[in-house]
Amino acid sequence: MPAALPVIIDTDPGIDDVVALALAARSPELEILAVTTTYGNATLADTTRNAATLLHLVGRPEIAVRPGSDRPLTRPLVTAPETHGPSGVGYAEVPATTAVASNPHVLLEVLAEIGTPAVLITLGPLTNLAHALASDPELVHRSVARHIGMFGNIHERGNTNRWADFNAWCDPEAADRVIHDPLETAMVGLDVTRKMTFSAPEVGRFVRSGDPLIAWLGRALEFYVEFHRNQERLDGCVVNDVLPIGELIVPHLLTLAELPLVIDLGDDEHRGHTREHSGGTQTRVALEVDTARMRSLLARVFGQSDEVRAGG
């Protein structure tokens with residue numbers, strides 16, 4: 001077997017984030033050097049607690065979880081309890097939140113410690129990476145082999161408003177800084193992630209599982225199903241954040257194209273809108289996904305049932 005690929009996961013767990021973390025932690029192709037956290041789906045204290053809880057459940061408590069930014073670069077903090085629940089992980093049980101110290105330079109500290117270039121996966125707002133690029137771009141370029149981020153949308157409707165996805169909307173200035181940097185970035189946005197869903201009956205089977213990890217993730221996903229049913233009339237839920245992990249495990253799972261992008265930085269309904277523009281920055285963007293192969297990967301977390309592989 002080839003050597004495991006070293007990765008750093010920057011995340012804001014978040015229901016779909018904990019599913020993605022479980023997949024990464026159960027994949028021998030990946031060596032998780034660190035998990036860094038940020039605000040987003042919940043507060044920094046909650047997302048840090050949620051990441052540590054998931055890694056304990058998956059049997060990987062040795063993976064360091066290090067808190068990062070607790071707010072956007074310039075904008076007020078906004079979280080998403082209506083989408084992910086007050087704790088960030090729906091109905092899943094978690095310990096009480098304890099205070100954590102915000103550290104906007106957490107990525108730089110991690111990158112300075114690793115001995116080999118790693119792939120950086122960002123699953124939340126891009127604030128931690130933006131801080132790192134502003135403070136020490138040479139270290140970032142030397143230590144990050146490439147960056148795959150779950151943010152943005154081109155053709156698909158936004159999930160925060162008509163135009164923007166939540167991660168780009170939270171901190172559009174951070175996303176703008178990232179796409180303008182020469183760091184090799186791939187944007188994995190709603191155009192592909194909205195194709196990855198679990199059905200409501202499927203989530204019900206997860207809840208009834210005798211495996212504590214699967215049942216815990218099922219309880220988180222139950223809340224997500226309720227949200228999608230009420231807001232989108234979808235009898236299931238979208239698990240956006242698994243795709244950047246899947247692309248590393250199964251290269252070319254995603255079909256990417258180079259597009260000239262701009263990110264709207266205003267305060268109107270187009271805030272955080274990622275869109276093609278002739279004067280934009282050339283950025284690799286995911287436009288298609290092999291959902292069957294992705295679901296086969298998710299069987300590593302949820303078991304080898306035909307339902308998981310086929311889609312419920």
Side-chain angles (χ1 to χ4, degrees), residues 1-36 51 54-55 57-60 62-65 110 114 116-124 129 143-151 167 184-198 202 206 211 213-214 217 221 238-257 284-312:
M1 177 182 288
L5 182 68
V7 299
I8 299 164
I9 301 175
D10 186 73
T11 182
D12 63 333
I15 294 169
D16 48 340
D17 304 71
V18 289
V19 176
L21 277 176
L23 174 61
R26 283 197 165 178
S27 294
E29 296 89 345
L30 305 181
E31 178 189 4
I32 304 175
L33 302 180
V35 172
T36 57
L54 181 281
L55 291 170
L57 283 167
V58 85
R60 299 295 305 276
E62 79 282 1
I63 297 174
V65 177
V110 170
I114 65 176
T116 184
V119 176
L120 174 64
I121 304 164
T122 58
L123 304 179
L129 178 54
S143 302
V144 175
R146 57 187 170 121
H147 164 231
I148 303 178
M150 192 276 119
F151 69 101
N167 289 339
E184 182 184 334
T185 287
M187 184 181 97
V188 180
L190 301 180
D191 298 281
V192 288
T193 67
R194 287 195 59 83
K195 298 175 183 178
M196 276 308 307
T197 62
F198 287 136
E202 196 171 11
F206 299 158
D211 182 323
L213 171 65
I214 297 175
L217 290 170
L221 288 162
V238 180
V239 282
N240 301 283
D241 288 341
V242 299
L243 288 186
I245 306 294
E247 175 65 14
L248 291 185
I249 300 168
V250 182
H252 312 302
L253 178 81
L254 300 171
T255 301
L256 297 103
R284 298 177 74 217
V285 177
L287 296 177
E288 298 291 340
V289 57
D290 186 334
T291 56
R293 291 168 75 198
M294 185 66 237
R295 293 192 67 88
S296 292
L297 281 181
L298 285 169
R300 293 182 177 185
V301 176
F302 293 105
Q304 299 298 319
S305 70
D306 292 338
E307 291 89 348
V308 171
R309 289 196 295 269

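Counting from 1, the numbers follow the sequence of the chain as shown.
- S143 is linked by a side-chain hydrogen bond (donor to acceptor under 3.5 Å, both in side chains) to nothing, counting only residues two or more places apart in sequence or in another chain.
- To the nearest 0.5 Å, atoms CG (L243) and CG (D290) are separated by 10.5 Å.
- In this structure, E288 CD and D191 CG are separated by 9.0 Å, a value rounded to the nearest 0.5 Å.
- When all heavy atoms of L256 and R284 are compared, the pair lying nearest together is CD1-NH2, 4.0 Å.
- Heavy atoms only, all atoms of each residue included: A25 and L55 are closest at CB-CD2, 4.3 Å.
- Residues V65 and A51 share a closest heavy-atom pair of CG1-CB, 4.0 Å.
- Looking at heavy atoms from C-beta onward, V19 lies out of side-chain contact with V301 at the 4.5 angstrom threshold.
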_Please evaluate residues D10 and T36 with respect to the criterion side chain to side chain donor-acceptor pair (under 3.5 Å), reporting the C-alpha separation (whole Å), side-chain torsions for both, the decisive distance (0.1 Å), and the verdict._
CA-CA 5 Å; D10 186 73; T36 57; 2.5 Å; yes
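- Taking CD from E202 and OG1 from T197, the interatomic distance works out to 7.5 Å, rounded to the nearest 0.5 Å.
- K195 and L287 get closest at one heavy-atom pair: NZ-O, 4.0 Å.
- With hydrogens and angles disregarded, a donor-acceptor distance shorter than 3.5 Å links the side chain of N167 to the backbone of L123.
- Shown here for S27 and R300, the closest heavy-atom pair between the two residues is OG-NH1, 2.9 Å.
- Remark: side-chain polar atoms of E29 are not paired, donor with acceptor, to backbone N or O of I249 under 3.5 angstrom.
- Side-chain contact between I245 and L30 is present, with at least one heavy-atom pair separated by less than 4.5 Å.
- Looking only at side-chain heavy atoms (C-beta outward), V242 and D16 stay at 4.5 Å or farther from each other.
- Side-chain atoms of E184 never come within 3.5 Å of backbone atoms of H147 as a donor-acceptor pair (strictly under, hydrogens ignored).
- Of all the heavy atoms in P6 and L33, the pair that sits closest is CB-CD1, 3.8 Å.
- Between I15 and L221 the shortest side-chain heavy-atom distance falls below 4.5 Å.
- Under a 3.5 Å cut-off, the side chain of R60 and the backbone N or O of L54 do not form any donor-acceptor pair.
- With sequence neighbours excluded, the residues satisfying side-chain contact (heavy atoms from CB on, under 4.5 Å) with A34 are V110.
- For R293, the side-chain hydrogen bond (donor to acceptor under 3.5 Å, both in side chains) test picks out no residue, with sequence neighbours left out.
- With values rounded to the nearest 0.5 angstrom, M187 atom CE is found 8.5 Å from M150 atom CE.
- Residues forming a side-chain contact (heavy atoms from CB on, under 4.5 Å) with R26 (at least two apart in sequence, or on another chain): V58, D211, L213.
- In this structure, CG in L57 is found 7.5 Å from CG in L217, a value given to the nearest 0.5 Å.
- R146 meets the salt bridge (Lys or Arg N to Asp or Glu O under 4.0 Å) test with no other residue; sequence neighbours excluded.
- Annotation: side chain of L298 is in contact with side chain of M196 (closest heavy-atom distance under 4.5 Å).
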*Please step through side-chain contact (heavy atoms from CB on, under 4.5 Å) for the pair I148 and E247, ending with a clear verdict.*
CA-CA 9 Å; I148 303 178; E247 175 65 14; 4.3 Å; yes
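- Contact annotation: the side chain of P13 approaches that of L21 to within less than 4.5 Å [non-hydrogen atoms, C-beta and beyond].
- In this structure D12 satisfies the side-chain hydrogen bond (donor to acceptor under 3.5 Å, both in side chains) test together with N41, sequence neighbours excluded.
- Rounding to the nearest 0.5 Å gives a distance of 8.5 Å between CD1 of I9 and CG of L248.
- In this structure, F198 and F206 have perpendicular ring planes: the angle between them is above 60°, well past the 30° mark.
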